[in-house]
**Student:** 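Supplied in structure tokens, the structure appears directly below.
Each ligand, and each atom within it, is numbered from 1 in the order the structure gives.
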Amino acid sequence: MDADVEKLCRLVRIPTVSSTDEAEVDAEVFERFLAALAEEFPLLHERLEVTRVRDHSLLLRWAGRDPDAAPVVLMAHLDVVPVDPTAPWQHPPFGAEVHDGAVWGRGTLDDKGSLVATCVAVERLLAADAVPARDVWLSFGAREEVSGEDAAAAVGLLRERGVAPWFVLDEGGAVAHQAFPGVAPPLGVVGVSEKGTTTLELVAEGRGGHSSTPSRGGPTARIARAVVRLESRPFPARLPAPTAELFRRIAPHAPLPLRPLFAAASRLEPLVTRALLAAGPEPAALVRTTMAVTQLSGSPAHNVLASRATAAVNLRILVGDTVASATEHVRRAVADDSITVTVLEAGEPSPVSPVDDPAFELLAATIAAEFPDAVPTPYVMMAATDSRFFTAICERVYRFTPFRMTKEQRESIHSYDEHVGVADWLAGVAWYERLLRDLP
Ligand SMILES: [Zn+2]
């Protein structure tokens with residue numbers, strides 16, 4: 001087997017599962033991962049300045065030729081989500097076995113594939129005594145999957161050192177095959193914004209008491225009414241600029257009757273948003289802030305009236321809305337002063353990074369060079385990444401994972417049967433290598 005693929009396999013086999021409960025985290029496993037990383041990439045650890053962030057995250061600086069040029073930051077995370085033991089994995093999730101030309105295992109796509117590919121690219125350039133045109137920082141997080149503070153801590157360290165990056169690149173989009181019905185070429189989707197994750201709690205209170213003598217309008221009934229009202233008052237739809245740009249770029253590849261609509265998406269916003277809302281939950285999520293009631297609670301026993309009923313509402317806030325405006329929408333939709341609405345978790349959508357810009361152009365050109373069949377395009381990400389913390393120190397934050405992924409592979413992330421094609425992974429290494437060589 002290819003020696004670099006061997007490295008990926010070794011690192012996938014180390015189950016760096018993170019958890020919001022620190023007591024659940026096996027620190028020894030993370031230490032083992034970092035030790036293996038140092039063994040596999042000796043030049044990178046010898047010639048780059050290595051800083052541990054909190055306990056298991058890494059920040060590395062590779063000094064470039066021009067100390068005055070704004071540096072770039074390449075990010076990835078080394079933690080993975082747990083494996084559901086009942087999920088029908090075809091191959092052991094931490095086995096990193098090679099079958100049908102692919103490495104199978106948790107983290108191969110999200111996000112050890114990226115992390116190891118970045119390290120291989122840097123190691124190859126170091127072996128060739130190449131020096132990047134400007135400083136390159138690598139930021140490898142150990143708590144991405146649990147929305148931990150490590151990335152914020154890394155940002156703090158960079159800020160202390162006065163680092164103002166030219167651009168930041170993290171996981172996110174991919175060379176996505178079967179990305180859009182009727183569009184044949186794969187799309188090289190680069191995330192330029194991500195939705196904000198916010199959770200609200202609705203609480204209704206009342207007298208409680210014995211369930212044999214209920215009165216009308218108790219806490220559970222009011223919470224139920226609020227939930228139904230939320231469902232009947234969704235957020236208004238709109239087309240954010242990056243989504244309109246995505247339609248413009250895929251228009252020439254779309255089915256003929258749709259081309260004029262896609263090409264003029266920004267002018268035909270009401271028509272396009274209506275079509276997307278009707279096309280199913282995924283397209284609908286592109287064009288509005290979504291809300292989902294995920295948890296309900298009432299009384300602790302069958303025969304006890306609830307004195308307190310609650311509903312948790314998980315929101316994914318589209319750029320243009322804010323935590324405050326979304327909370328206000330929920331209050332108005334619920335239209336019940338007896339229900340209190342509190343913010344449990346506040347996450348604003350990330351600002352939109354520029355598309356008409358040399359940094360985006362560089363990423364798009366690198367995509368075009370390594371994946372000539374793909375259409376590079378910006379998009380708004382649905383999921384959250386550690387890079388959102390970097391928007392505090394950089395206005396150009398992009399999210400792209402340079403691997404070809406089928407629809408099935410994208411669905412395997414955080415699920416089962418996650419795998420990366422060996423050739424696809426090596427193409428990803430070449431992509432990072434080219435990007436680093438081509439830094440102006
Ligand atoms: Zn990830």
**Student:** If you look at every heavy atom in A121 and E433, which pair is closest and at what distance?
**Tutor:**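 Shortest heavy-atom contact: CB-N, 3.7 Å.
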**Student:** Taking the side chain from R32 and the backbone from P15, do they hold a donor-acceptor pair closer than 3.5 Å?
**Tutor:**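 Not at all, since once roles are kept as given, no pair shorter than 3.5 Å links the two residues.
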**Student:** Listing by chain and number, which protein N, O or S atoms are under 2.8 Å from the Zn ion (ligand 1)?
**Tutor:** H77 NE2, D110 OD1, E171 OE1, E171 OE2
**Student:** Does the gap between the ring centers of F140 and F33 come in under 6.0 Å?
**Tutor:**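 Distance test on ring centres: not under 6.0 Å, no.
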**Student:** Let me see the working for H419 and Q409 under side chain to side chain contact (heavy atoms under 4.5 Å, CB included), right down to the final yes or no.
**Tutor:** CA-CA 7 Å; H419 63 283; Q409 281 174 303; 3.7 Å; yes
**Student:** Is any side-chain heavy atom of F360 closer than 4.5 Å to a side-chain heavy atom of P378?
**Tutor:** yes
**Student:** Throw together a table of side-chain donor-acceptor distances under 3.5 angstrom for residues 282-292, partners on residues two or more places apart or in other chains.
**Tutor:**
residue : atom : partner : partner atom : Å
T289    : OG1  : L318    : N            : 3.0
T289    : OG1  : D321    : OD2          : 2.6

